[in-house]
Amino acid sequence: MSPLREALVLPLLFLSVALLGGLRVGADVRLLPPPASALVLAVLTIGALARSRALVLERFLHHTRSPLENVSGAVAIATLLAASAQAFSIVTPDTGLLHVIVSVFFVVQLLTTLAGVRDRMAMLRSITVLLGCAFVLRFVALESLYAPGRSVMKRVMTALLEGVTLGAIEYQPAGAATGYVAFVALAMFVAGLVLLDWPDPEPVRSSGFRLKPEATTELPVATTELPVATTELPVATTELPKATTELIEQSSRVWHPAEPD
Amino acid sequence: MRATWVRLSGLAATLLYASFIAWLYASQPQTVAEVTGGLTATIGAYRIDEQAFADGLSFFQKDQFEEARAAFQRADPAQRDPRTQFYIAYSFYRQGWGRVYHDDVLYRQGLEAVDRAIALAPNQRLVVDDPALGLHTGDELRAELQRGLTRDASDLNPLRVFRRRL
């Protein structure tokens, strides 16, 4: 990973998510810190990312890296933790029973993902779908149902819902602008996750030119000549002294199948 | 060598940005003016609009409190100047004061403003040397506003009508 991406791009991207994830633009502007449940979800997310190799921890923290590199990597991971917490915080209702239900749903879903998903792309898809569904649930369904000035039908539906749950389900609309902020924050978060293990571009030669793609097409031609060369090898080995061949055999690990009983 | 510099500048930028975000969460600004005013006040570069403050003072002395508050808020849009906030609180006090009863809504707004002023003052000690005022410190104004909001037996004292506004 390039130092620019690790030390500058990723931390600034994730810090922006941490900032936008707490923003609620309603009648007044509020910045909400992540609740404790969001911190648990963030830790689970990092565990799942590391397990699926979407986040390769050795590339950020390793004993072969210099102290400065390790500090830089630790800061990047800390910002990822903050961004994860706020990404889950913004798609979870802020209070009430819905907050508990959605948080529990996230914990179960992340634990399932942690146990089952091993592939980087599958993990990224899983997290994107999870956050996308939660976004739709909160900012399309719930906001529409509980928006101020809603229709009579919606008011009847919410009254019935509250009646059935004995008033346990209540929801405070976050405001339409919060939905747009949340969308931007989630898009930035997913982009940051993709960038965590995005392959670096092809190295540029000292002359400033990249390798032409046509160069790779010549490889099959070269490999076809290999069998011709290998046919001459036994001839060469027969000429080696016996002591040398014994030494080579001892130093090399040659597997001999056991004799059948 | 270039990678080291990139990492160092990245760390510095990250720390600055994280500090800014922490400050935003702690101060909860409501407007862009409050954000910029707060940042300039942090480095000691915040200045109020003296002309608007003078206008506000002039309105205040003529008991035109709403006009005075509008001018004071124009003078201190970020709400970072303790003296201006003190005058805003004082305008709420004088407007809400009555011989028979006080306006609780205005008194509460005055209490919020004087709390803000005290919090902004160095060592939370706020003194305004204005001979036209009856109360010269933030603590006195705060206590007067709180007394006005308290309900007790002294509210029934008929001699209240002889009290004078400070």
Side-chain angles (χ1 to χ4, degrees), chain A residues 1-35 38 59-61 65-83 85-86 89 175 177 181 185 188 192 195 200 204, chain B residues 1-43 46 69-70 72-74 76-80 85 88-89 92 105-106 108-113 115-116 119-120:
Chain A
M1 185 182 296
S2 71
L4 183 69
R5 196 197 317 165
E6 183 191 307
L8 202 66
V9 175
L10 284 176
L12 296 190
L13 195 63
F14 287 138
L15 281 177
S16 300
V17 176
L19 171 63
L20 295 178
L23 193 58
R24 306 288 186 273
V25 188
D28 55 349
V29 179
R30 289 177 299 148
L31 282 164
L32 300 181
R59 289 189 188 166
F60 292 89
L61 293 168
R65 288 161 61 95
S66 70
L68 178 63
E69 288 172 337
N70 277 328
V71 169
S72 172
V75 167
I77 291 173
T79 56
L80 170 62
L81 184 76
Q86 288 293 50
S89 169
V181 171
M188 287 168 76
L195 282 177
D200 285 329
V204 179
Chain B
M1 193 61 188
R2 184 182 167 275
T4 305
W5 278 111
V6 168
R7 285 184 195 284
L8 283 173
S9 44
L11 276 176
T14 305
L15 282 177
L16 269 177
Y17 193 27
S19 309
F20 171 65
I21 291 172
W23 175 80
L24 282 178
Y25 272 83
S27 58
Q28 299 279 334
Q30 294 294 306
T31 60
V32 176
E34 287 183 31
V35 175
T36 52
L39 288 176
T40 50
T42 307
I43 57 169
Y46 183 70
R69 278 198 294 276
F72 285 139
Q73 278 159 3
R74 200 168 59 248
D76 181 22
Q79 301 185 340
R80 303 295 302 180
Q85 293 304 311
I88 289 174
F92 278 121
V105 175
L106 290 173
R108 281 201 192 88
Q109 287 175 304
L111 200 56
E112 285 172 17
D115 281 342
R116 205 161 46 233
L120 290 168

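So that the names make sense, note that chain A is the first sequence line, chain B the second, and so on, each numbered from 1.
Considering only heavy atoms from C-beta on, A/S16 comes within 4.5 Å of B/Y17 through its side chain. Contact annotation: the side chain of B/L15 never approaches that of A/V75 to less than 4.5 Å [non-hydrogen atoms, C-beta and beyond].
Proximity to chain B is absent for every atom of A/S66, based on heavy atoms less than 4.5 angstrom apart. Contacts of B/T4 with chain A are made by both backbone and side-chain atoms, with heavy-atom separations under 4.5 Å. Heavy-atom distances place the side chain of A/E6, and not its backbone, under 4.5 Å from chain B.
When every heavy atom of A/L15 is checked against every heavy atom of B/I21, the shortest pair comes out as O-CD1, 3.3 Å. Considering every non-hydrogen atom in both B/R7 and A/A7, the closest pair reads CA-CB, 3.7 Å. When all heavy atoms of B/S9 and A/L8 are compared, the pair lying nearest together is O-CD1, 4.3 Å. Considering all non-hydrogen atoms of both residues, A/V29 and B/Q28 come closest at O-OE1, 4.4 Å.
Counting heavy atoms of neighbouring residues, nucleotides and ligands inside a 6.0 Å radius, atom CH2 of B/W23 exceeds 12 of them.
Of all residues in residues 18-25 of chain A, those placing a non-hydrogen atom less than 4.5 angstrom from a non-hydrogen atom of chain B are A/A18, A/L19, A/G22.
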